[in-house]
K.L.:
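I'd like to ask you about the structure that follows.
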Amino acid sequence: MNNLAIARVLTEIGDLLEIKAENPFKIRAYRNAADTIAHLGTPIAEMSDEDRRGIPGIGKDLAGKIAELIETGSARYHQELLQEFPPSILDLLHLQGVGPKTVAALFHGLGIRTLEDLELAARGGRIRSLKGMGAKKEALILKALEDRQRFTGRRLMVEAADAAASLVAALREYAPDADISPVGSLRRGCETCGDIDILAAGAPPSIMDAFTSYTLVERILARGETKSSVLIRGGFQADLRVVPKDSLGAALQYFTGSKAHNIALRDRAISRGCKLNEYGLFRVDTNEFVAGADEPGIYAALGLAFVPPELRENRGEIDAAEAGTLPRLVTREDLRGDLHMHTTVTDGRADAETMARAAQASGLDYIAITDHSQALAMANGLDEARALDHAAAIRALNGRLDGIRVLAGIECDIRADGTMDLADDCLAQLDIVIASIHSAFSMDETQMTERILRAIANPHVDIIGHPTGRLILKREGYRIQLERVLTAAAEAGVAMEINSQVDRLDLDDTKARIAKEHGVKIIIDSDAHSTAGLGALRWGALTARRAWLEPADVLNTQPLDAFLGSLRRNRTRHT
DNA sequence: GCCGTTTTCGGCCCGACTGTTTTCAGTCG
């Protein structure tokens, strides 16, 4: 069983326990563990029992259940719970406005087991026969069933960012003196977002009207003095919170999350005789306001260095903030070059010169043109002769450009057997080579690992492109033994890419962090297929920040000469 | 179920909004 499968079982146990009205802290323990394991990076199946128990939030009991899952593929405790409740009942729990208490009442009171049962009962007016439920609740449930398809699940960060930007612009126009900004997972730079959270500090109460009457609002879920929720066209839920200006910092902290980070921070507040909420940090005994006007003030009052939003996942950042060892995170502005892009010679939409001028305008000092190799026939991939002609044309381009340097490279396919799609003497004549997999995804883990190891062993390969091949929300990455790949890359001096395409972000944050721990250097690049595509670097940089990367971890933060010198092909060989 | 330079037992984050209510439980983030 892999980490995600184990996490799913633990989450399901948590959900079932909640319907059973078990101890809420026990439920939290299961969910915490599920979240931790889902983001672990290394396969928990390969860890020793002792190492597993060293993971925060995993104790004797959970370690036992995890071992049982790995050894037998299921857990007795989980199966026992499923004897009590049919698994289809969990679908009910995921409806908007339906929680564990409602699910339990529906199941025990009316025998409702499925979404179909629920719809029939609601239409038949039978829900209102239950204690604490009325006609409105019935209507709410029917709405939730209706919205289920359109408004469930997470979406790509870029879609949330776009939707949030228009909404924030509209609100700022309404209340120009207020501090209005996106918070939540969007501010943390998460690769997907489930909803859009917006904070308005110092806005007049009437901003709620501006919010609920925003042109794209389809339905109002809640409307209060300080908090409202709406569904907007395109499938997002958006929440607006209003606080006084004095509470700006506390509210930013509170609504940026994550939940796990906030719980840990409030724990810390309690241990220091304080209480932390969205209005500020207060002494419990005197109710004295300690901090809250600005966000760094909250962290300082708790004895912590300011934690950048991207790190707030309770993955070690609080200890690091206490010890003063937080990284100085890389920024988009630190990037001097972009080493992966395509032109009209293969499947891009602009020629090399247009791409170069656009890159220069975006503040870059150097780029590499890396069109596809021949295996990608549908993209008009290059054979050796065309690749070398293209390289000559790219180098000639430098004579017409001033202030930006263009490198001649290739994104060369890694064939199924691990050999490169172009001959070594061709690759040797280029300035930079990215090796990527675009075919035969469904190999087993060992074969796929050997395939990439063979590519790393080729002395002309500088970078492994989108190393796991995942497409966010669409396709899981191919299965590889990441540790082996990273160890080999570190030894060979091959860099790993963070591909900035919004549906790739590959390596992802967790894996890029592990790469850094293995001493592997990272290259953040856009994989642009048009001039607009160059803007994607922003998302790659966010992912790198979530991976705790500093400028020194990222090769293309360096000036051109130093960058070239750090490429595998140009490094002095140690024998 | 986890966790402990106060604790191996007794803690475990916090507040807003809704609906069905005469004071609050349930849900959500």
K.L.:
Within the pair A:Lys65 and B:dG1, is there a side-chain N or O less than 4.0 Å away from OP1 or OP2?
P.N.:
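For A:Lys65, the contact criterion (side-chain N or O under 4.0 Å from OP1 or OP2 of B:dG1) is met.
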K.L.:
Which is true for A:Pro100 with a 4.0 Å heavy-atom rule: it touches a base, it touches only sugar-phosphate, or it touches nothing?
P.N.:
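Sugar-phosphate, backbone atoms only, no base.
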K.L.:
Please list residues of residues 274-281 of chain A whose heavy atoms come under 4.0 Å from any atom in DNA chain B, ordered by number; otherwise none.
P.N.:
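Close to the strand are A:Lys275, A:Leu276, A:Asn277, A:Glu278, A:Tyr279.
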K.L.:
How far does the C1' atom of B:dC17 sit from the matching atom of B:dG11, given to the nearest Å?
P.N.:
29 Å
K.L.:
Can you tell me which nucleotide in B:dC17, B:dG29, B:dG26 comes closest to the side chain of A:Ala222?
P.N.:
B:dC17
K.L.:
For the base of B:dG1, is there a side-chain donor-acceptor partner from A:Asn23 under 3.5 Å away?
P.N.:
yes
K.L.:
Answer yes if the side chains of A:Glu313 and A:His39 hold a donor-acceptor pair under 3.5 Å, and no otherwise.
P.N.:
no
K.L.:
Looking at A:Gln237, does any N or O in its side chain come under 4.0 Å of the phosphate oxygens OP1/OP2 on B:dC28?
P.N.:
no
K.L.:
Using a distance-only test with no angle check, is there a side-chain donor-acceptor pair under 3.5 angstrom linking A:Arg187 and A:Thr256?
P.N.:
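The criterion, which ignores hydrogens and geometry beyond distance, is satisfied for A:Thr256 and A:Arg187.
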K.L.:
Assign A:Arg28 to base, sugar-phosphate, or nothing according to its heavy-atom contacts below 4.0 angstrom with the strands shown.
P.N.:
base
K.L.:
Respond yes when some side-chain nitrogen or oxygen of A:Thr226 is under 4.0 Å from OP1 or OP2 of B:dG15, and no when none is.
P.N.:
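No.
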K.L.:
Contact class for A:Leu265 (heavy atom, under 4.0 Å): base, sugar-phosphate, or nothing?
P.N.:
nothing
K.L.:
Using a cut-off of less than 4.0 Å, is there contact between a side-chain N or O of A:Lys26 and OP1 or OP2 of B:dG1?
P.N.:
yes
K.L.:
When rounded to the nearest Å, what value does the distance between C1' atoms of B:dT8 and B:dC12 take?
P.N.:
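Each nucleotide's C1' atom is 16 Å from the other's.
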K.L.:
With a 3.5 Å cut-off and just heavy-atom distances, do the side chain of A:Tyr77 and the base of B:dG1 make a donor-acceptor pair?
P.N.:
no
K.L.:
Rounded off to whole Å, could you give me the CD1-to-P distance for the A:Ile270 and B:dC14 pair?
P.N.:
4 Å
K.L.:
Think A:Ser229 has a side-chain N or O under 4.0 angstrom from the OP1 or OP2 of B:dC28?
P.N.:
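Answer no for this pair, as no side-chain N or O of A:Ser229 is under 4.0 Å from OP1 or OP2.
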K.L.:
Should A:Thr102 and A:Lys137 count as side-chain neighbours, where that means a heavy-atom distance under 4.5 Å?
P.N.:
yes
K.L.:
Taking the P atom of each, how far is B:dT22 from B:dG15, in whole Å?
P.N.:
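So the two P atoms sit 25 Å from each other.
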K.L.:
Taking any strand in view, what nucleotide pairs with B:dA16 in a Watson-Crick or G-U wobble way, both distances under 3.5 Å?
P.N.:
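Across any shown strand, B:dA16 pairs with B:dT27.
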K.L.:
Please say which of A:Val9, A:Leu17, A:Leu16 ends up in a side chain to side chain contact (heavy atoms under 4.5 Å, CB included) with A:Tyr77.
P.N.:
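Only one option passes, and that is A:Leu17.
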K.L.:
With sugar-phosphate meaning primed atoms plus P, OP1 and OP2, does A:Asp267 contact a base, only sugar-phosphate, or nothing at under 4.0 Å between heavy atoms?
P.N.:
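Sugar-phosphate contact only - A:Asp267 comes under 4.0 Å of backbone atoms but never of a base.
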K.L.:
For residues A:Ser206 and A:Tyr174, is any side-chain donor paired with an opposing acceptor at under 3.5 Å?
P.N.:
yes
K.L.:
Can a side-chain donor-acceptor contact be found between A:Gln253 and A:Glu278 if the only test is distance below 3.5 angstrom?
P.N.:
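Side chains of A:Glu278 and A:Gln253: no pair found under 3.5 Å.
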K.L.:
Would A:Arg31 and A:Asp35 pass as an ion pair if we require N to O under 4.0 Å?
P.N.:
no
K.L.:
When you compare B:dT20 with B:dT27, how far apart are their P atoms, in angstrom units rounded to a whole number?
P.N.:
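Between the two P atoms, the distance is 13 Å.
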K.L.:
Scan side-chain atoms only and decide if A:Asp239 and A:Ser229 contain a donor-acceptor pair under the 3.5 Å cut-off.
P.N.:
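Indeed, the side chains of A:Asp239 and A:Ser229 share at least one donor-acceptor pair under 3.5 Å.
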K.L.:
Under a 4.0 Å threshold between the charged nitrogen and the carboxylate oxygen, would A:Arg328 count as salt-bridged to A:Asp334?
P.N.:
yes
K.L.:
Taking any heavy-atom pair under 4.0 Å as a contact, classify A:Phe255: base, sugar-phosphate, or nothing.
P.N.:
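It contacts nothing in the nucleic acid.
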K.L.:
Quantified in whole Å, what is the P atom distance between nucleotide B:dT21 and nucleotide B:dA16?
P.N.:
24 Å
K.L.:
Taking N or O atoms only and anything under 3.5 Å, show me the protein contacts with nucleotides 2-4 of chain B, one pair per line.
P.N.:
{"residue": "B:dC2", "atom": "OP1", "partner": "A:Gly59", "partner atom": "N", "Å": "2.7"}
{"residue": "B:dC2", "atom": "OP1", "partner": "A:Gly59", "partner atom": "O", "Å": "3.4"}
{"residue": "B:dC2", "atom": "OP1", "partner": "A:Leu62", "partner atom": "N", "Å": "3.1"}
{"residue": "B:dC3", "atom": "OP1", "partner": "A:Gly57", "partner atom": "N", "Å": "2.7"}

K.L.:
Is it true that the side chains of A:Arg504 and A:Gln501 contain a donor and an acceptor less than 3.5 Å apart?
P.N.:
no
